[in-house]
Asker: 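Sharing a structure, written as structure tokens. Questions coming.
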Amino acid sequence: MSERKILICSAWPYAYDMMHLGNLVGCLLSGDVFERYYRLKGCDVVHVSGSDMHGTRTEFEALRRGISPEEIAYKTHEAIVEVLKGFHIDMENYTTTATETHYEFTQNLYRQAEANGYIIPLDEKRAFCEVDEIFLADSFIEGTCPKCQFERAKGNQCDNCSSLLEPEQLIEPKCTICGQSQIVFKETRAWLLDLAKLEPKLREYVEGHPEWEGNVKHFTKQMLEDGLQPRAVTRDLKWGIPAPFEGSEGKVIYVWAEAAIGYVSATKEYFDKLGTPERFDEFWKNPDAKHVYTQGKDNIAFHTIFFPGQLLASEQGYHLPDQVSAVEYLQWIGGAKFSKTNNVGIFCDEALELMDPSYWRWYLISVRPERRDLAFSWEDLDMAVNATLNNNILNLVNRVVSLIHKKTDGKVLDVEIEADVLAQVEATAKKVDEIVEAGGLAAAIREISNLALFGNEFVQNREPWKEGNENILTSAFHVCKALSVLIQPFVPRVAEKVFRVLNLKDVTFDEITTIRGGHPLNPTEPLFEKLDIDELKARYEALKEKSTQNA
RNA sequence: GACGAGGUAGCUCAGUUGGUUUAGAGCGGUCGUCUCAUAAGCGACAGGUCGAGGGUUCGAGUCCCUCUCUCGUCACCA
């Protein structure tokens with residue numbers, strides 16, 4: 001058991017509504033690609049995530065619809081599980097935050113934090129709706145802004161004059177659940193995680209990661225510069241994990257304070273079920289393990305400050321996040337925001353009705369917003385799928401395989417591979433590896449595409465279809481083989497087909513540079529089908545038409 | 001509002017700590033071309049005031065200031 005231990009943690013989708021494509025690409029899909037990549041390299045990989053079942057919105061939405069939060073959460077969870085299957089996202093443990101393991105683990109962790117002196121109580125007046133008998137989050141209160149008289153100012157901020165507000169300042173505050181204004185401010189006790197006390201340790205942890213870049217670095221640095229404050233980890237809600245503190249009966253642990261802990265409990269649950277609970281420590285108590293977190297930029301602070309803060313507070317020696325691979329936002333056409341209520345954008349369940357999931361995977365990762373926000377476009381989709389994946393990469397494979405069948409009886413000749421081909425393949429593998437190890441994926445796809453360009457150019461220039469040039473095909477095959485391995489983490493089902501045609505089995509990363517002479521191929525089969533983008537658009541329009549009518 | 005991050009050819013992006021005279025790729029577009037491959041492949045060309053203005057410097061896309069646009073955070077939304 002000396003392989004590298006890699007733990008991939010994808011941010012937990014909120015089990016309240018179906019994810020859109022932007023949610024998918026940054027969290028679960030990226031995680032899946034990383035998982036497959038590291039496994040290809042022979043690492044010991046565990047990938048965990050799950051549905052975030054609790055939360056204010058779920059509970060409030062349940063109140064509004066008159067059903068239980070559980071019902072919403074489980075229904076959504078089941079739908080998400082189906083979507084993951086549909087996108088070929090397959091991890092060690094996709095669970096929920098409503099499991100017994102998670103409840104126990106979270107409560108234990110917070111008891112440990114309390115015993116270590118990191119939990120402090122605080123009494124505070126908070127808005128309470130007497131109709132719904134529930135404490136209201138600031139954003140669930142509306143009223144007239146005391147500054148600009150805008151009538152629908154939120155409890156924390158006025159959307160009109162953008163003043164920051166306290167809920168008490170609103171004139172005629174109303175509950176947005178029942179619409180009534182029977183709001184009183186009642187004293188209630190909250191328990192806070194003392195992040196101020198944890199600050200020196202967190203600072204040390206963050207300073208230990210000079211490789212963090214971009215938003216991850218900036219957000220985190222900013223948080224520390226502003227100084228950390230104790231932050232409430234309990235809520236006056238019913239649906240959630242009962243808070244385990246003295247006198248905290250009837251309150252739950254707040255979602256942000258428990259969802260991330262799910263990374264740990266989900267790993268534990270996985271190894272418990274597997275019957276090898278001792279292996280948990282190989283991932284969570286092992287300083288040599290590498291932990292990769294995939295999420296959207298809105299979650300950065302949770303992964304670099306709050307979550308490590310909790311782990312530190314427990315003083316159990318848990319491994320802290322190493323790589324925080326955060327993406328910017330994928331937006332809808334023209335920079336519009338995805339919105340279920342306004343029926344804008346494509347949601348994951350709809351996406352699967354529209355197109356081959358391999359194509360979605362390839363497109364989404366190739367436009368993965370790693371540097372800045374990015375808008376969906378049909379043109380980009382067309383280019384990524386048809387121009388790059390189909391015409392450039394897969395057609396090259398098909399081209400070379402057909403030639404080998406025609407010219408050398410389906411056998412790769414046992415001759416030397418051209419030096420520049422060897423060098424190009426090796427250089428690409430190296431670059432891809434550097435990119436992925438550093439938390440990038442879109443750039444890796446660009447490198448892979450470049451190798452295919454090189455391959456096509458090579459074949460074109462050396463004309464292996466002419467008599468006497470058959471030896472060239474061995475080099476061309478070498479490129480195709482490398483391509484097939486490199487695309488595997490991105491489009492596993494497509495790679496499977498290519499492996500079959502190339503007659504490769506139990507493929508690992510090493511296959512990229514392995515030299516094969518005298519290797520027989522299998523009969524060719526269609527490797528791809530062109531995507532008809534106009535037809536796809538038409539079906540999308542029809543789908544939207546239908547869901548507008550249903551709404 | 002405060003703070004932070006970004007605005008490079010139609011699109012997606014590269015551009016080390018400022019310096020090979022005409023700012024680079026890929027895709028798209030235009031033209032040409034091979035024929036092994038799913039009208040795929042290859043080559044050539046197309047010229048973007050590097051968001052706007054000012055400054056520092058022998059020299060700035062690369063540093064500083066101002067402005068503008070986009071995005072994010074601002075701690076009971078996650």
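In the text below, chain A, chain B and the rest are named by the order of the sequence lines, each starting its count at 1.
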Asker: Quick one: label A190(A) by what it contacts on the DNA or RNA (base, sugar-phosphate, nothing), any heavy atom closer than 4.0 Å.
Answerer: base
Asker: Nearest 0.5 Å please: distance from the OG1 atom of T474(A) over to the CG atom of L413(A).
Answerer: 5.0 Å
Asker: Measuring from the side chain of F306(A) (C-beta onward, heavy atoms only), which nucleotide among rA75(B), rC34(B), rC71(B) has the closest atom?
Answerer: rA75(B)
Asker: Would you list the atom pairs, donor with acceptor, under 3.5 Å between side chains in residues 14-29 of chain A and any protein atom, with sequence neighbours excluded?
Answerer:
{"from": "Y14(A)", "atom 1": "OH", "to": "R57(A)", "atom 2": "N", "distance (Å)": "3.2"}
{"from": "Y16(A)", "atom 1": "OH", "to": "R57(A)", "atom 2": "NH2", "distance (Å)": "3.2"}
{"from": "H20(A)", "atom 1": "ND1", "to": "G22(A)", "atom 2": "N", "distance (Å)": "2.9"}
{"from": "H20(A)", "atom 1": "ND1", "to": "N23(A)", "atom 2": "N", "distance (Å)": "3.3"}
{"from": "H20(A)", "atom 1": "NE2", "to": "N23(A)", "atom 2": "OD1", "distance (Å)": "3.4"}
{"from": "N23(A)", "atom 1": "OD1", "to": "H20(A)", "atom 2": "N", "distance (Å)": "3.0"}

Asker: Base, sugar-phosphate, or nothing for G227(A), non-hydrogen atoms under 4.0 angstrom?
Answerer: base
Asker: Could you work out the separation of rU21(B) and rC31(B) based on their C1' atoms and round it to a whole Å?
Answerer: 30 Å
Asker: Which letters describe nucleotides 11-16 of chain B, given B = protein heavy atom under 4.0 Å from base, S = only from sugar-phosphate, - = neither?
Answerer: SSSS--
Asker: If I take atom OH in residue Y329(A) and atom C1' in nucleotide rA5(B), what distance separates them, rounded to the nearest angstrom?
Answerer: 13 Å
Asker: Does P230(A) or L237(A) map to a spot on RNA chain B nearer the 5' end, using the closest nucleotide for each?
Answerer: P230(A)
Asker: What nucleotide, of rC77(B), rU73(B), rC76(B), holds the atom closest to the side chain of R235(A)?
Answerer: rC76(B)
Asker: Starting from P on rC76(B), measure out to CZ on F185(A) and report it in whole angstrom.
Answerer: 14 Å
Asker: Looking at R203(A) and E207(A), is there a salt bridge between them, counting it only when a charged N and a carboxylate O are closer than 4.0 Å?
Answerer: no
Asker: Quick one: the side chain of R57(A) and the base of rC77(B), do they pair up donor-acceptor inside 3.5 Å?
Answerer: no
Asker: For rG26(B) and rC65(B), measure between their P atoms and round to the nearest Å.
Answerer: 36 Å
Asker: Using a heavy-atom cut-off of 4.0 Å across all strands, would you classify A232(A) as base, sugar-phosphate, or nothing?
Answerer: base
Asker: Determine the interatomic distance between P on rU62(B) and the same-named atom on rG53(B); round to the nearest Å.
Answerer: 13 Å
Asker: Say we look at rU35(B) and rC42(B): how far apart would their P atoms be, to the nearest angstrom?
Answerer: 16 Å
Asker: Are K125(A) and F185(A) in a cation-pi setup, meaning NZ or CZ lies under 6.0 angstrom from the ring centre and within 45 degrees of the ring axis?
Answerer: no
Asker: Under a 4.0 Å threshold between the charged nitrogen and the carboxylate oxygen, would K466(A) count as salt-bridged to E463(A)?
Answerer: yes
Asker: If the P atom of rC13(B) is compared with that of rU20(B), how far apart are they to the nearest Å?
Answerer: 26 Å
Asker: Does S377(A) have any side chain to side chain contact (heavy atoms under 4.5 Å, CB included) partners at least two apart in sequence or in another chain, and if so, which?
Answerer: E379(A), D380(A)
Asker: Would you list the pairs meeting salt bridge (Lys or Arg N to Asp or Glu O under 4.0 Å) in which at least one residue belongs to residues 188-198 of chain A, sequence neighbours left out?
Answerer: D123(A)-R189(A)
Asker: If you round to the nearest 0.5 Å, how far is CZ of F458(A) from CG of L453(A)?
Answerer: 15.0 Å
Asker: Quote, to the nearest angstrom, the C1' distance that separates rC34(B) from rU49(B).
Answerer: 41 Å
Asker: Could you measure the distance from the CZ atom of R399(A) to the CD atom of Q460(A)? Nearest 0.5 Å is fine.
Answerer: 5.0 Å
Asker: Parallel under 30°, tilted from 30 to 60°, perpendicular over 60°: which one fits the rings of F477(A) and H519(A)?
Answerer: tilted
Asker: If the plane angle is over 60° it's perpendicular, under 30° parallel, otherwise tilted; pick one for W191(A) and F245(A).
Answerer: parallel
Asker: Hey, what do you get for CZ (R493(A)) to OH (Y359(A)), rounding to the nearest 0.5 Å?
Answerer: 14.5 Å
Asker: Separation of I134(A) atom CD1 from rC76(B) atom C1', in whole Å?
Answerer: 12 Å
Asker: Indicate, yes or no, whether a donor-acceptor pair under 3.5 Å links the base of rC76(B) to the side chain of E124(A).
Answerer: yes
Asker: Tell me the stems RNA chain B sits in, counting at least three consecutive Watson-Crick or G-U wobble pairs, each under 3.5 Å on both distances.
Answerer: B:1-7 with B:68-74, B:10-13 with B:24-27, B:29-33 with B:41-45, B:51-55 with B:63-67
Asker: Could you state the atom-to-atom distance from CG of L224(A) to C1' of rC74(B) in whole Å?
Answerer: 15 Å
Asker: So, are E418(A) and R462(A) salt-bridged, with charged N and O less than 4.0 Å apart?
Answerer: yes
Asker: Tell me: CG of L389(A) to C1' of rC27(B), nearest whole Å?
Answerer: 15 Å
Asker: For R231(A) and rC76(B), give me the distance from atom CZ to atom C1', rounded to whole Å.
Answerer: 8 Å
Asker: If a protein heavy atom is under 4.0 Å from the base, mark B; if only from the sugar-phosphate, S; if neither, -; do that for nucleotides 35-46 of chain B going 5' to 3'.
Answerer: SBBB-SBSS---
Asker: When the P atoms of rG61(B) and rC74(B) are considered, how many whole Å apart are they?
Answerer: 37 Å
Asker: Using atom P in both nucleotides, what's the gap between rG51(B) and rU57(B) to the nearest angstrom?
Answerer: 23 Å
